[in-house]
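As structure tokens, the structure follows; a few thoughts come after it.
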Amino acid sequence: MMCLPGLNRKFLQDTWHLTREYWRSEEKWRAGGLLAVIITLNLTYVYILVLINTWFNRFYNALQNFDKEEVFSALGEFCLLAAFYIIVAVYQLYLRQMLEIKWRQWMTGKYLNVWLKDQMYYRLQLTENYTDNPDQRISEDLRLFTNYTLQLSLGLLKAVVTLVSFIAILWQLSGTLVIPFGNHQLAVSGYMVWVAIVYAVIGTWLTHKIGKPLAQLNFDQQRYEADFRFSLVRLRENSESIAFYGGEAREERAFISRFGKVFDNYWQIMQRQKHLTWFASGYGQIAIIFPLVVAMPRYFTKEIQLGGLLQTSQAFSKVQDSLSFFVESYSTLAEWKAVVDRLTGFVCNIQQVSELPQSSTIIRTEPAPVLAVNQLDIDLPDGRRILSGLNLSIQAGESLLVAGPSGSGKSTLLRTLSGLWPYAQGSIVIPEGHSFLFLPQKSYLPLGTLRDTLLYPGPKRSVTDEEIMAAMLLCKLDWLKGQLDKIEDWSRVLSLGEQQRIAFVRVLIHQPEWLFMDEATSALDEPTERVLYTLLRERLAGTAMISVGHRNTLNSYHKKKLTLDGAGRWSLLTM
């Protein structure tokens, strides 16, 4: 494997693991049939090249012999061969692209499912070796993986078939070269074949020596590009906050710093590509004249005619091209390896996260309408304990306020109750068949219409526009009622207070039996907060309500108060 850019046994195993699932999936018969047609077209393509190679001999011999009738007959034959060549070339590319997009579609669906299932997209952030830019893995790397895998595998197949086809032709055309060796003569049969092999082996070895660093450079380039792009997106998403801070200079320095890595790494790629292009260009240009020079001795001794010389030259070129597959594809192979390494790292990190110790916290369901917590311990990822031995019971319709200083673990407790936080031990019993809704401090507003935003993540029943507008009126958002079908980036259009009121509209629409709120009114004034909590008590009297907050005004809306100190201690009071 010396001649390949890091394509060792482990890399081939990783590639096979990424590839095999699609070819064993429900799409395998359709994909296999399409691949079989593409391979057939590849073989047909090589066969046409063999026929064209034979045509070279016929046509140029006719020219040399001034055989006008034979020349025009050969031209007619070439037109037919060229027509078939064009048809095969077009459909070979078209069907390969069809297979590529179908493969990418299947892999994208699978990776999206794995990324979103069991909140994997959230849990991936909890590992020490967090996968950078998982969105790029799914959008860009899957596209490159399917493209490069098909391009290189089918290219290798074509190279092998071309080599087998033309090496026999070249052996026959080469004849025997007699080399004086002292008082003896050395006869070398098929000498053009041996020359082509030596030429290609030397070229491949030198290409590997020159281009070996490209694999790691391409890997780094993708990461630096993604980091730079993500920082630009962050500016757009937080433009108002940055504007208030006047942080443009700080952001510009950060952008320049990140782009500096893009620039420096790309400069190294440029230098390496320059050296590789110097060699590859020279290698390719020499290959044009080299076979003619090697075959000329037999032409000057009149062992072959002009047609035979050109046929030999073309056959040599095909053999040399096939043997030089890795020379011509080296840059693509380096990029392909970088793509496989990134996807493999993504898959490995998902596997690591799926093996995090979730079983330490036993979450089970029971028919009774009660949320019970028994001997619950919560730790931070570094092992520091922030809550120890919590025992808690909340009945349907009750309300609990979770208070304490910042960093004491209030939000982490909600994450544990929802099953998101893996660094916890104990027992949690949740009521079976009941509906739950969690309101974060900053509501997530998806891209789309206002109606889609208000109904997020999607109601389990049919909701009329009248119900939506009634809930908007109660939550003081009636001024938006005429914009239900308007598509906007609502997280930029609406203030934080309005976004929190959007969350309360969702509560009225979904009507959950258990409602968890993490600082859900922190951006609202106290009168609006009072209106919304009173609304919940009146409209959702049977809903259990667990709130996280700092304001003392929240005390009057809850019957129990759990206070955390961040050092593991807690206290529970009845208000």
Side-chain angles (χ1 to χ4, degrees), residues 116-123 126 353-354 356-379 385-404 408-441 443-444 456-461 503-504 506-520 536-537 539-549 557-564 570-574:
L116 296 174
K117 187 178 181 181
D118 299 326
Q119 292 86 37
M120 183 61 68
Y121 59 92
Y122 170 79
R123 295 165 60 203
L126 304 178
V353 172
S354 66
L356 285 175
Q358 294 175 280
S359 59
S360 298
T361 304
I362 301 173
I363 301 179
R364 66 179 189 275
T365 60
E366 290 187 0
V370 60
L371 175 66
V373 177
N374 298 303
Q375 292 299 309
L376 180 65
D377 300 329
I378 300 178
D379 300 329
R385 180 149 297 177
I386 55 174
L387 185 60
S388 179
L390 176 63
N391 293 299
L392 181 65
S393 178
I394 306 171
Q395 301 290 331
E398 287 189 338
S399 56
L400 171 72
L401 173 63
V402 182
S408 59
K410 304 184 297 298
S411 298
T412 306
L413 174 59
L414 291 193
R415 297 186 189 109
T416 304
L417 295 177
S418 68
L420 287 176
W421 194 253
Y423 306 102
Q425 305 85 38
S427 172
I428 300 174
V429 179
I430 58 176
E432 185 177 7
H434 286 217
S435 57
F436 293 77
L437 186 64
F438 287 79
L439 302 188
Q441 182 176 7
S443 294
Y444 172 65
Y456 188 84
K460 296 180 180 179
R461 60 183 181 86
F504 278 87
R506 292 173 180 168
V507 174
L508 296 178
I509 291 173
H510 289 284
Q511 298 183 356
E513 294 163 288
W514 293 81
L515 178 62
F516 299 82
M517 296 180 286
D518 186 3
E519 302 274 9
L536 294 181
R537 287 275 63 97
R539 299 291 176 129
L540 302 173
T543 296
M545 189 167 60
I546 297 91
S547 300
V548 168
Y557 310 127
H558 301 83
K559 295 180 179 179
K560 294 181 179 179
K561 183 175 184 178
L562 174 66
T563 304
L564 312 180
W570 57 274
S571 62
L572 181 63
L573 300 175
T574 300

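All heavy atoms count here, side chains included; hydrogens, waters and symmetry mates do not. In what follows, residues are counted from 1 in the order of the sequence shown.
The CG atom of Asp518 sits 5.5 Å away from atom CG of Leu414, with the distance rounded to the nearest 0.5 Å. Atom CH2 of residue Trp570 and atom CG of residue Leu387 lie 8.5 Å apart, to the nearest 0.5 angstrom. With rounding to the nearest 0.5 angstrom, the CG atom of Leu437 is 11.0 Å from the CD1 atom of Ile509. Here Leu392 contributes atom CG and Leu371 contributes atom CG; the two are 6.5 Å apart, rounded to the nearest 0.5 Å. Interatomic distance, Leu417 CG to Ile394 CD1, rounded to the nearest 0.5 Å: 7.5 Å. Put simply, CD on Gln425 and OG on Ser388 are 9.5 Å apart, with the number rounded to the nearest 0.5 Å.
Between the side chain of Ser399 and the main chain of Lys559, a donor-acceptor pair closer than 3.5 Å is present. At distances below 3.5 Å, at least one donor-acceptor pair connects side-chain atoms of Lys560 with backbone N or O atoms of Ser393. For the pair Lys410 (side chain) and Gly404 (backbone), a donor-acceptor distance under 3.5 Å is present. Side-chain atoms of Asn391 come within 3.5 Å of backbone atoms of Gln375 as a donor-acceptor pair (strictly under, hydrogens ignored). One N or O on the side chain of Trp421 and one on the backbone of Asp379 form a donor-acceptor pair closer than 3.5 Å.
Among all heavy-atom pairs drawn from Ile430 and Phe436, the shortest one is CB-CZ, 4.1 Å. Considering all non-hydrogen atoms of both residues, Ser443 and Ala503 come closest at OG-CB, 3.2 Å. Between Arg506 and Tyr444, the shortest heavy-atom contact is NH2-O, 2.8 Å. A pairwise comparison of heavy atoms in Ala368 and Pro431 identifies O-CB, 3.5 Å as the closest pair. Between Met517 and Phe504 the shortest heavy-atom distance is SD-CZ, 3.9 Å. Considering all non-hydrogen atoms of both residues, Val507 and Leu540 come closest at CG1-CD1, 3.4 Å.
When side chains are defined from C-beta on, Val370 does not count as touching Val429, because their heavy atoms never get closer than 4.5 Å. Side-chain contact check for Leu400 versus Leu562: some heavy-atom pair is nearer than 4.5 Å.
Using a 30° and 60° split on the angle between ring planes, Phe516 and Phe438 fall in the parallel class, below 30°.
Sparse packing is recorded around CZ of Arg539, with 12 or fewer heavy atoms of other residues, nucleotides or ligands lying under 6.0 Å away.
Looking at His510 and Ser435, their side chains never bring a donor and an acceptor atom within 3.5 Å of each other.
For the side-chain contact (heavy atoms from CB on, under 4.5 Å) test with Ile546, the passing option among Leu413, Leu515, Val402 is Val402; the others fail.
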